[in-house]
There are 2 protein chains.
Amino acid sequence: MTTGRPREFDTNQALAAAMHQFWQQGYTATSLQDLLKAMQISKSSFYQTFGSKHALFQRCMEHYRNTLEDSMLAHLQKSPSARQFIDATFRAISDNGQDGDGQFGCLIMNTASEFAQDDPVVAKLVRTGTEKIHTVFLHAIKRAQADGEIPGDKNPEALASYLLSSMGGLRTMAKAGTARKTLEEIVKITLSALD
Amino acid sequence: MTTGRPREFDTNQALAAAMHQFWQQGYTATSLQDLLKAMQISKSSFYQTFGSKHALFQRCMEHYRNTLEDSMLAHLQKSPSARQFIDATFRAISDNGQDGDGQFGCLIMNTASEFAQDDPVVAKLVRTGTEKIHTVFLHAIKRAQADGEIPGDKNPEALASYLLSSMGGLRTMAKAGTARKTLEEIVKITLSALD
DNA sequence: TACAATAAGGACCAATTGGTCCAAAATAAG
DNA sequence: CTTATTTTGGACCAATTGGTCCTTATTGTA
């Protein structure tokens, strides 16, 4: 058995670069040239490794979803309380509004906005993506309720959906260039619904 | 003075059709062919009347903004109370989530999501668009506070921003295919922040 | 060192992109 | 009925789109 020439780039690194590109510009507005430049690979390597623009996008969505989920779960675990985790999550969004990755919104929400329901593959990626975040919020809410940080008579499923929706709105507001102070006010009111 | 050949289409009608197209598919994903088919005019007429795809898009954004503002103001006026207007506005979104125009989200928010801040012309259209809606909400909130339907100690500006953000999130959720029942739960919690 | 296996560079492709331009058609005023 | 003015259809355009394919380069193994 032989091994052949080793690739000159790191697949995960290229994937991450592509994800950032889609995140910033959206699927349609991102051209192959944009991707190749961001990923720093040749066209041949691109098609050999990822198959097509659409296939790459799917992997990027999954990568984003997993990264986000892992990050949230890590924060939840090391947070002193579940309620504080929720607060910190929303504060981080208003803080990173103008700079950082926050100014690009949420890839999943962006994708939901770009493709409506017309592409079934993408629609499913959006659905599973939102479900993952929903689940993380749900865990946090239930734990917060158990600890008496959120009234126990509130429907945790509904609250999780509410946080998901609010997060999407907030990130879009940030993307639209809303002032940090305004974002902070929105967060404060949003979180007051949990009291 | 002579008048020349009369045009065979209605400008406003064509504009409305174009707006719907952009609304459904976004700017980049909407091709000239798509527009011509939707507007039912020839390429010559298109460029003679609207100049370019980008110029047309600007007019569509303005048209959407004006239409939305007029509609909201009309509803506000004929509503028995300002608070009921706010409630009804959000209920309408969760009602028209799957069908109607609601499934396409909000053109302004969609545009904010599609273009980040890279296109200054579009960025300004987004800003003025959101400001208009913000102002309508602000009027409603102040009136509701004067009528004792919303606590007077709450900051009306912040509340208006909150409603704007929530509306955007809710419409994106609807666009993502969220079940009506879930949308209704989100609305209920969202509005509870006004109590 | 020859060979098998894979990667990379880049020429090439049909289709589509937004956009221009010209000639023909239609109309109202004179 | 001519003429000035405008609209319309469609040919045409360069640039770009996502994607294929062939050649060359580079490696580990035998």
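Convention: sequence-line order gives letters A, B, ...; per-chain numbering from 1. Since we're looking at a predicted model, the values are computed, not measured.
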Note to self: Output the rounded distance in Å from CD (B:Gln48) to C1' (D:dG10).
What the structure shows: 15 Å

Note to self: Taking ring pair (Phe, Tyr, Trp, His ring centres under 6.0 Å) as the definition, give me every residue that meets it alongside B:His54, ordered by chain and number, with sequence neighbours left out.
What the structure shows: B:Tyr27

For residues 131-142 of chain A, please give each side-chain donor-acceptor pair under 3.5 Å, one per line with the distance, not counting sequence neighbours.
| from | atom 1 | to | atom 2 | distance (Å) |
| --- | --- | --- | --- | --- |
| A:His134 | NE2 | A:Glu157 | OE1 | 3.2 |
| A:Thr135 | OG1 | A:Glu131 | O | 2.8 |

Check: How would you list all residue pairs meeting salt bridge (Lys or Arg N to Asp or Glu O under 4.0 Å) that involve residues 22-45 of chain A, not counting sequence neighbours?
Finding: none

Next item on the list: Name the nucleic acid region contacted by B:Phe9, choosing base, sugar-phosphate or nothing; use a 4.0 angstrom heavy-atom cut-off, strictly under.
Entry: sugar-phosphate

Checklist line | Pairing residues for A:Arg83 by the salt bridge (Lys or Arg N to Asp or Glu O under 4.0 Å) criterion, not counting sequence neighbours | finding: A:Asp87, A:Asp195

Margin query: Applying ring pair (Phe, Tyr, Trp, His ring centres under 6.0 Å), can you list everything that pairs with B:His20, at least two apart in sequence or on another chain?
Written below: B:Trp23

Next item on the list: List the protein contact pattern of nucleotides 16-22 of chain D with one symbol per nucleotide (5' to 3'): B for base contact, S for sugar-phosphate-only contact, - for none; contact means a heavy-atom distance under 4.0 Å.
Entry: -SBBB--

Notebook entry, point to check: Whole-Å distance between D:dT8 C1' and B:Met39 CE?
Noted result: 15 Å

